[in-house]
2 protein chains.
Amino acid sequence: MLSILPPQNTSPERAKSLNRRLVLGRVHATGEMGRAELSRACGLTIQAVSNIIAELVEEGLIRETGRRSTGRGLPATLYAINPKGAYALGVEVRPNALLAAVLDLTGRPVLTTRHALTDARPEAVSRELQALRLEMEQAQPEAVSRLLGAGVVMPGPFGTTGLSGTAADLPGWHELDARALFAEALGMPIDLDNDANAAAMAERVKGAAQGLDDYAYLYFGTGIGLGLVSQGRRVAGAFGNAGEIGHLRMQTKDGTAALEDVASRLSLQRRLAAHGRDAPDFDTLAALNAQDDAVLDEWISIAAPALAQAVHMIENLFDPETVILGGALPEGIVDRLIARMALPENSVSNRPGRAHPRLTRGECGRLTATLGAAALILNRAFSPQFAALD
Amino acid sequence: MLSILPPQNTSPERAKSLNRRLVLGRVHATGEMGRAELSRACGLTIQAVSNIIAELVEEGLIRETGRRSTGRGLPATLYAINPKGAYALGVEVRPNALLAAVLDLTGRPVLTTRHALTDARPEAVSRELQALRLEMEQAQPEAVSRLLGAGVVMPGPFGTTGLSGTAADLPGWHELDARALFAEALGMPIDLDNDANAAAMAERVKGAAQGLDDYAYLYFGTGIGLGLVSQGRRVAGAFGNAGEIGHLRMQTKDGTAALEDVASRLSLQRRLAAHGRDAPDFDTLAALNAQDDAVLDEWISIAAPALAQAVHMIENLFDPETVILGGALPEGIVDRLIARMALPENSVSNRPGRAHPRLTRGECGRLTATLGAAALILNRAFSPQFAALD
DNA sequence: GTTATAAGTCAATTCACTTGAGTAATCAAC
DNA sequence: GTTGATTACTCAAGTGAATTGACTTATAAC
């Protein structure tokens with residue numbers, strides 16, 4: 001198992017692990033940087049940065065990309081993330097399928113795959129993971145040999161809560177079991193989270209949230225979830241179940257309704273079914289949108305105001321740089337939702353001279369959660385706060 | 001966006017600063033600890049802990065408090081926070097008064113004072129701060145000589161937002177100016193925050209949130225605010241204005257209303273005024289409560305359901321260990337509000353075997369925000385993440 | 001009394017960062 | 001075209017804080 005840095009106990013070595021992630025994270029966030037620039041950005045001496053860079057180049061995590069002359073003085077040697085330096089595996093468990101993706105260090109997928117599940121109980125998933133492993137080793141032996149770890153996305157909430165027993169729950173799963181099961185089946189470090197938090201990380205590693213440290217992600221899965229990032233850290237809550245926005249009640253024309261009953265893919269599906277239409281897949285939805293389908297339009301006219309209320313809530317409670325919308329809905333539909341959301345003016349986010357719009361469409365598409373699972377691992381490599389953990 | 005990121009790097013001295021805070025924080029959270037126990041808790045060797053303890057004793061921040069024998073083996077020498085080792089100043093600026101408190105290192109107030117303000121503009125406040133400084137030096141020379149810094153609480157939101165122009169705003173203040181003004185007037189490091197966040201810190205340093213890392217504080221000031229703490233850090237948002245819950249609309253018997261219009265001290269005041277009663281001070285409110293006043297009771301019957309909705313929101317979005325209620329309302333009223341709040345069952349916080357109740361009354365009383373201002377400073381001393389900052 | 005266990009000290013070593021002196025490459029001014 | 005200012009970077013020595021390993025002390029159990 002490749003590791004960004006072998007775990008060490010000595011304190012200077014912990015410091016080094018932290019500083020390595022700091023340097024790697026700055027290079028990732030900025031794209032290309034020279035030693036002196038990094039030195040200023042990280043608050044380290046050029047010498048320290050030089051030593052770290054030499055190591056990172058040696059290990060293949062970054063590579064020289066040229067020189068830059070910015071006026072007088074010696075032009076800086078530039079370094080950037082080496083995509084082939086390391087990889088991360090993302091696994092998304094859904095009731096009927098196991099989705100997987102392998103991302104390179106820049107967040108680009110080098111392999112994506114889907115295994116149908118007739119049985120979502122732990123033993124069956126474990127068997128399917130073996131098949132997945134073999135398939136990956138066949139298709140991308142180089143990437144598999146340089147995997148940093150695996151992120152796993154499962155529908156929350158974890159543990160017993162007042163929200164348990166909903167449709168999205170998987171049978172026979174518990175959080176601790178899940179972590180151990182994946183660690184054993186895949187033989188690498190595991191990061192477990194829900195779809196919305198993973199989606200938020202996907203956009204941060206490569207997408208709409210690159211460079212952002214405070215933002216929220218409204219994720220359309222089967223239901224709807226909220227991923228929160230504050231100061232570059234995900235806000236997980238005391239028991240890992242933060243972001244359960246789907247059960248909160250919003251106002252509608254005729255009373256109130258839970259957000260996920262009016263603004264989720266499942267709610268759209270039900271509305272279509274009420275008009276005698278089949279459950280649509282992703283492409284069918286995109287087609288419906290292209291055709292200006294009347295039922296879809298009606299759904300949007302109901303969903304958008306409810307979502308606007310949710311965003312108002314998120315803005316006033318979190319004061320994020322932006323709220324990203326995305327997930328298992330075609331881009332066109334998300335765009336139309338955003339266009340139809342009339343955001344209230346009495347919000348802390350309604351400020352002049354904003355650098356980012358209040359609403360942004362996610363850029364990771366239908367595989368957002370799967371990519372996000374892998375992004376959980378990549379994010380660790382770029383974030384100093386994880387230095388002591390692995 | 002301009003962001004002043006804390007340098008998160010580590011060199012030997014910074015590592016030491018971090019480890020000192022780690023040790024001090026553990027001693028504070030646990031009460032009394034021996035070297036070996038600390039060594040295990042902090043992940044350092046006994047030797048490293050020994051050196052740090054020697055320094056902290058030398059500086060007077062901790063003191064030996066006895067020995068403890070837990071079975072076989074040499075009994076551990078125990079250490080605890082030395083109250084007189086250091087102090088923190090808290091200042092709360094209200095439109096009509098300047099409140100101040102000096103806390104010892106354990107969070108106990110050694111001085112509290114109130115200066116009436118006829119003018120809340122910066123120059124007037126600055127003049128009053130000089131008087132405050134003199135008064136403190138007279139009354140508590142020892143504490144003033146050992147001040148770590150000053151926390152300042154002012155009504156938010158800071159900067160221009162869609163919520164600006166509300167009654168609680170102070171005339172002529174801007175965030176950066178404020179920081180500089182207080183730093184100059186008091187001649188010490190300044191920590192600036194809003195009342196709800198400060199209140200949350202007050203309860204963490206000494207009160208209902210001791211030992212908690214994930215919780216929320218619903219603060220009754222003039223309006224109502226929300227302080228959020230996640231993994232021991234306050235959630236401030238991208239522009240420092242997180243927690244503006246007062247403008248969110250809740251459902252009432254007859255439609256919807258902003259939370260602060262039905263569940264704030266101002267709303268209670270208005271209801272009393274509508275019945276021809278004068279604006280009550282804190283003690284009057286306590287008396288009304290003791291008399292089972294009918295208007296107060298009516299207000300509670302309206303405020304409680306709105307607050308319950310707010311708590312439902314907070315629980316599902318944050319998954320906190322508990323939600324604390326407190327601030328400028330007498331304990332008895334807070335207790336009655338809590339008793340009358342019917343919390344919904346479909347919440348992630350509705351889990352079996354909770355270690356803390358879903359709702360908790362704050363323990364810091366009417367001075368919560370002022371004490372919290374000082375707690376902002378104490379919290380820095382106990383939190384490793386601030387090692388790089390000062 | 002002997003032994004196991006736990007807390008704690010002392011001295012030597014290690015690790016990564018900093019400091020300070022020096023080199024190299026570019027631009028700008030005369 | 002030479003000189004000097006500016007910026008990027010290297011090399012070697014020094015420093016600070018933590019770790020390691022051997023040893024001491026105090027208590028409980030047998």
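Predicted model only: the values in this text are computed from it and were never measured. Numbered from 1 within each chain, the chains take letters A, B, ... in sequence-line order.
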Roughly, in whole Å, what's the span from CG in A/L22 to P in C/dC17?
11 Å
Would you say B/S50 reaches C/dG8's phosphate, i.e. side-chain N/O to OP1/OP2 under 4.0 Å?
no
Which sits closer to the 5' end of DNA chain C, B/E37 or A/I52, going by the nucleotide each is nearest to?
B/E37
Could you tell me how far apart B/I46 (CD1) and C/dC10 (P) are, to the nearest whole angstrom?
14 Å
Value in whole Å for how far the C1' atom of C/dA16 lies from CD1 of A/I53:
16 Å
Applying ring pair (Phe, Tyr, Trp, His ring centres under 6.0 Å) to A/F182 and not counting sequence neighbours gives A/W173
Tell me whether B/R20 is salt-bridged to B/E55, with the criterion being a basic N under 4.0 Å from an acidic carboxylate O.
yes
Using atom names, set out every protein N or O paired with an N or O of nucleotides 26-28 of chain C below 3.5 Å, distance rounded to 0.1 Å.
residue: C/dT26; atom: O2; partner: A/G73; partner atom: N; Å: 3.1

A/R67, CZ: over 12 other non-hydrogen atoms inside 6.0 angstrom:
yes
Protein-nucleotides 11-17 of chain D N/O pairs under 3.5 Å:
residue: D/dC11; atom: N4; partner: A/Q47; partner atom: NE2; Å: 2.6

If you round to the nearest 0.5 Å, how far is CG of B/L192 from CG of B/L181?
10.5 Å
If I compare all heavy atoms of A/H356 with all of A/T322, which pair ends up nearest, and what's the gap?
CB-CB, 4.2 Å
Quick check on C/dT19: is either OP1 or OP2 less than 4.0 Å from any side-chain nitrogen or oxygen of A/T45?
no
To the nearest Å, give me how far apart CE (A/M33) and C1' (D/dC9) are.
16 Å
Correct closest heavy-atom pair for B/R146 and B/K84 would be NE-O, 3.5 Å
Identify the heavy atoms of A/A200 and A/Y215 that sit nearest to each other, and give their distance.
O-OH, 2.6 Å
Contact class for A/R40 (heavy atom, under 4.0 Å): base, sugar-phosphate, or nothing?
sugar-phosphate
Rounded to whole angstroms, how far apart are CG on A/L38 and P on C/dC17?
14 Å
Just how far, in rounded Å, is C1' of D/dT20 from CG of B/N51?
14 Å
Side chain of A/A36 only, please: which of C/dC17, D/dC9, C/dA7 is the nearest?
D/dC9
Hey, which of B/V102, B/D104, B/V110 is the one that makes side-chain contact (heavy atoms from CB on, under 4.5 Å) with B/Q140?
B/V110
If you draw a 6.0 Å radius around CD in B/E184, do more than 12 non-hydrogen atoms from other residues or ligands fall strictly inside?
no
Specify the separation, in whole Å, of atom CZ of B/R35 and atom P of D/dT25.
16 Å
